[in-house]
Amino acid sequence: MTITWPNQKRMAVCLTWDFDGESAAYVRYPKQSRKLLSELHQRRYGPTLGMKKILNLLDKYQLSGTFYIPGYTAGVYREVTKSIREQGHAIGLHGYIHESLDDLSQKDEEDILLKSKEMLHDILGYAPNIYRSPSWELNRWTPDLLIKHGILSDSSLMDDEIPYELKTKGGSIIEIPIQWILDDAEYWGHTRASRNKTIVDPDTVFKIWSREFDGYYDSGGCFVLTLHPFISGRSVYMQTVEKLIKYMRQFPDIWWTNLEEVTRYCDELRKKGELEIKESPPAEPFGYEALLRG
Ligand SMILES: [Zn+2]
């Protein structure tokens, strides 16, 4: 299945940042966070320095970015959060304090979603209607929870290069797919807890990203790059992101946009029945019992 992009464009490109601040460290390393300073300070590089560089980069190329922000981070860095919006970028929900959905009950997940909406509403004057789950995990009930609370799109699943309509029990939500290989944290995320992981040569990462982009250009997909201000806000990584922007800008007929715009556009297609519809795999494998019986 293909998608028709606006103005005869061939594909869409969205540069996205998960503006997590210190949030994920509190959830992943609660004991250490109460006692130790280093990991929290490392992550603070994002809101204090990384974000300035990112906003300058987007301004330099006149691009609109997408920032997914946990409610807690938005609350601690209110002015940075406001300046993102004031500079014309899109903002999405990303948990309250980067809670991984794996460990949450449906009730807790709903409370967290509402709390994060409330916080961003308080800061921005409106509640974002796009969502990306922290660490990209979804529970079976998550899409319906999002639909119930007015969220139009999610960007956490990996089964396509083109946005689609994910059908659920209660309705449908627009899914804008992502991928681990298009995430800076996989190559350059380096913490004390993950010191065994090698830092990947930025030129190798450029090779992976640009070749993957070539594939999206062929398929007419929506290329979504996921970055983190405390990681690729660093100069060496920022240069790689800029090199990729320059590379992609050589190609004609690209819709350079953000995930709010893609969501709005796909919502129109959905209403006209022009967006591909998919359903999630079943909770139990098809015919498994019969297979066992032989
Ligand atoms: Zn995140």
Side-chain angles (χ1 to χ4, degrees), residues 14-30 32-33 39-51 53-55 65-78 80-81 84-85 89-104 108-109 112-113 115-117 119-120 123-124 128-139 142 145-146 151 153-158 175-191 193-194 197 224-234 237-238 241 258-260 263:
C14 297
L15 303 179
T16 74
W17 281 266
D18 292 356
F19 174 30
D20 294 335
E22 299 97 310
S23 64
Y26 287 116
V27 174
R28 284 183 202 153
Y29 322 111
Q32 293 93 320
S33 297
E39 184 54 28
L40 295 173
H41 275 256
Q42 173 173 224
R43 286 170 187 263
R44 190 188 265 180
Y45 182 94
T48 54
L49 216 66
M51 279 305 305
K53 292 178 173 183
I54 291 160
L55 292 175
T66 306
F67 294 83
Y68 287 96
I69 316 179
Y72 174 84
T73 305
V76 175
Y77 300 102
R78 288 179 92 92
V80 185
T81 302
I84 292 171
R85 192 61 182 175
H89 305 299
I91 290 180
L93 302 171
H94 194 50
Y96 187 76
I97 191 161
H98 215 277
E99 303 85 352
S100 182
L101 301 195
D102 319 28
D103 309 322
L104 298 180
D108 288 348
E109 190 179 327
I112 285 163
L113 178 64
K115 207 169 149 192
S116 69
K117 267 185 84 170
M119 177 60 94
L120 282 154
I123 296 166
L124 302 170
N129 63 1
I130 61 172
Y131 176 85
R132 169 178 288 164
S133 76
S135 311
W136 284 337
E137 196 52 84
L138 295 186
N139 286 314
T142 307
L145 269 187
L146 297 173
I151 310 301
S153 75
D154 168 64
S155 182
S156 316
L157 299 175
M158 308 190 185
E175 179 60 40
I176 306 167
I178 41 69
Q179 231 295 328
W180 293 113
I181 55 168
L182 296 174
D183 179 345
D184 62 353
E186 295 312 296
Y187 307 108
W188 304 322
H190 200 68
T191 68
S194 67
K197 205 173 100 181
V224 180
L225 190 68
T226 300
L227 305 164
H228 297 78
F230 82 100
I231 300 172
S232 50
R234 293 270 162 191
Y237 305 139
M238 185 75 89
V241 174
N258 62 52
L259 290 194
E260 235 173 45
T263 299

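Indexing begins at 1, ligand by ligand and atom by atom, following the structure's order. All figures in this text were calculated on a predicted structure; none of them were measured in a lab. Excluded from the calculations below are hydrogen atoms, water molecules and symmetry mates; all remaining heavy atoms, backbone and side chain alike, are included.
Within the 4.5 Å cutoff, the side chain of Phe67 has heavy atoms near those of the Leu55 side chain. When side chains are defined from C-beta on, Ile176 does not count as touching Asp154, because their heavy atoms never get closer than 4.5 Å.
With the Zn ion (ligand 1) as the vertex, atom NE2 of His98 and atom NE2 of His94 span an angle of 100° (nearest 10 degrees).
The nearest N, O or S atom of His228 is not closer to the Zn ion (ligand 1) than 2.8 Å. Taking 2.8 Å as the threshold, Asp20 counts as a candidate ligand of the Zn ion (ligand 1), since one of its N, O or S atoms lies below it.
Donor-acceptor pairing under 3.5 Å is recorded for the side chains of Ser153 and Thr263. Judged by distance alone, the side chains of Ser232 and Asp184 do bring a donor and an acceptor atom under 3.5 Å apart.
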